[in-house]
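The block underneath contains the structure these notes are about, expressed in structure tokens.
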Amino acid sequence: MALLSHVTSGFRSVSTLYPPWFSLAIDLSPYAIVCSVAHNSLNSEQKRAVLTTEGPVLILAGAGAGKTKTITERIRHLVLSGVAPSKILAITFTNKAAKEMRERVERRLAEDPDLNRPISMHERPFVSTFHSLGVHILREQAVNAGLKRHFTIFDRDDSKKVVKDALVSLGLDPKTHDPNAVLSIISKLKGRGLNASDWNNLDEGGYFMDVVGQVWPIYEKVLEKENALDFDDLLLKTSNLLRENESVRNHYRNTWRYIHIDEYQDTNRVQYEISQMLVGPEKNLCVVGDIDQNIYSWRGADIKNILAFESDYPEAQVITLEENYRSTKTILEAANAVIEKNKIRRKKNLFTSNDDGEKISLCPNMDEVGEANFIAEKAKTLIDGGVPADEMAVLYRANFQSRVLEEAFMTLGVPYQILGTRFFERKEIKDLISYLRVALNPECLSDLKRVINTPARGIGKTSVVKIFSGGEESLPPAMKAKLNKFRSLLSKIVETSKENKVSDTILFIIKESGLEDEWKEGGEDGAARLENAYELVNFAARYDHLIGEEAVSSFLTDAALQSDQDEMKEEQKAVRLMTVHSAKGLEFDVVFVAGLEDGLFPHQRINESNISPEEAEEERRLFYVAITRARKKIFLTYAQVRTVFGRQQVNMPSEFIFDIPENLTEEEAGEEGWQKRKPLLEIDF
């Protein structure tokens, strides 16, 4: 009753802050509040998480434990308790997760009879990813951040091209100095909160690191010149702004009084600092995470952030969600057995009221071809038996494994979709978006170079060099006329974007740029490009309810920040092929985990001497994530012999297989019933 007394007193005090529209027909008694939560079918710990609204809260949510539902109901409860929706911030890690949470929150608020009027768009809770939050703050505070409002967001390809050019300018060959590797190091250093100016203070030795030290300042100068930010800048510059500008920091602390951060175990140093600086004196910070699902250390995620939460906030309340609503008892028992061997974790034990379900199938194969054929044949059999193709996934540790799997699926005619081929990386899509970006930000030479002669309009490389080097006046009159016509097109795009819907603006670019005519004459390939262009128009229509600059800004931001899970054509009825990292947050009835061999999964990197204990345990966390994607059935497959980088190697089965209790598993025939000839534990290696 003490907790309920605190909640009801909090309700009365907070509701007086927002009297204009919170005239709620609700009983303020403790019993009434419990009933308002109880009818949502929350379990006891979920209810506690919903009702504990004041001060810091750490929710340790196991896989499939209903964390999104819990956060949604917590936000709803805050609104019913008198908190203005616009005072609530919720951050998660992918656009897909943010979209799902936003829709669920808005649906729950819209259907709630206790709210006496609809909530307008500008009064809604702010639900976004960390990167989208950074864009929002930097565009709002462009002057304070030393930026122009219409800055361009460089994707990985854009950044890679700048790094490649920087290497060439230094007389270094990009074929022997991998631009991707250089960019990855710069990205990781930015994720630690470092700027190029900090380089001399770093203890980073070695020839390649010296190359990075030379490239980084050049890279930053190009970004500044083109009024562009890369993905890491969206976080780093936001963090710097909040830390250095007290008035801006206080503005956002007053804007968002209740902050929720999902997947807190995946935050890097800069994201951690942003969350710390946004929290006001009330410390109303609710973080949700699962130490056992920390799998992104390679891109800067720091498990210490969630482990240290109680040190950062000694008064924090810790709530553990262990009841799983996704998987069978068999799958959860296997998952618990696997993960309990990790030492760096908070102990929890997932349980469920679901059925025991089928045993986990162990499927040895002679080689990777046999493994791929087994998976494709089994998927085909399951589809023929009524399992929807899109309720199955094949997960693997490394991208190279997809090739042989794809061949097997094609040969057997099994519908499949490889997650990771991103819609927004297609040339025709990047061309259209570059037209819009350069129209709004003429300083972005990367976009200008991309579209100035796309489609061909007679402005050759020599002319482009003169334009970029300030020698435009030396161009012949005919070339100046072509350039003026191109600039007129860009001006029309700007005007169209101000006066029309975003989808109409994209359609205008398709037609007026000349790209539509080129694609129509381009045969099957051109037809496919035109089809993708029209799909972009459909995507843009999502922003047609917004007005002018806000619509264009939101469209460009979301297009730039699309992740692998945000693939456009999600409606395909096909088996999903993806890495385990890409599968985070997803779930399927049937999951195949391929390549369970020592050295592949777990990856050989765990034997390296320079990795931390946290990183060494990450492979086991990755396997835990893989098997907890499954609702009903798991197939664990591996090959006795696998060709890697052109060389055949003989493999031992993954240690993870032997972590699963034998009573939970059964062997299943692979290629030509190979393993029937020898039991799993008697294979000669």
With respect to Arg529, which candidate in Glu535, Glu521, Glu428 satisfies the salt bridge (charged side-chain N to carboxylate O under 4.0 Å, His left out) definition?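 Result: among Glu535, Glu521, Glu428, Glu428 is the only option passing the salt bridge (charged side-chain N to carboxylate O under 4.0 Å, His left out) with Arg529.
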Does [atom1] belonging to [X] count more than 12 external heavy atoms closer than 6.0 Å?
X      : atom1 : value
Glu524 : CD    : no
Lys480 : NZ    : yes
Glu224 : CD    : no
Lys501 : NZ    : no

With sequence neighbours left out, what residues match Thr496 under side chain to side chain donor-acceptor pair (under 3.5 Å)?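 Counting only residues at least two positions away or on another chain, Thr496 forms no side chain to side chain donor-acceptor pair (under 3.5 Å).
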Output side-chain donor-acceptor pairs under 3.5 Å for residues 160-174, partner residues at least two apart or in another chain, one line each.
from, atom 1, to, atom 2, distance (Å)
Ser169, OG, Ala166, O, 2.6
Asp173, OD1, Lys175, N, 2.9

Looking only at side chains, do [X] and [Y] share a donor and an acceptor under 3.5 Å apart?
X      : Y      : answer
Glu443 : Asn227 : no
Thr92  : Arg102 : no
Tyr543 : Asp558 : yes
Thr129 : Ser132 : yes
Thr579 : Ser582 : yes
Asp431 : Thr454 : no
Tyr219 : Ser159 : yes
Thr152 : Asn441 : yes

Any donor-acceptor N/O pair, [X] side chain to [Y] backbone, under 3.5 Å:
X      : Y      : result
Asp233 : Lys237 : no
Ser488 : Asn484 : no
Glu226 : Leu445 : yes

When you measure from the centre of the six-membered ring of Phe151, is the NZ or CZ of Arg139 under 6.0 Å away and within 45° of the axis? yes
Are the aromatic ring centres of Phe539 and Phe424 under 6.0 angstrom apart?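 For Phe539 and Phe424, the ring centres are under 6.0 Å apart.
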What orientation do His581 and Tyr296 show, parallel under 30°, tilted 30 to 60°, or perpendicular over 60°?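 Answer is tilted, since the angle falls between 30° and 60°.
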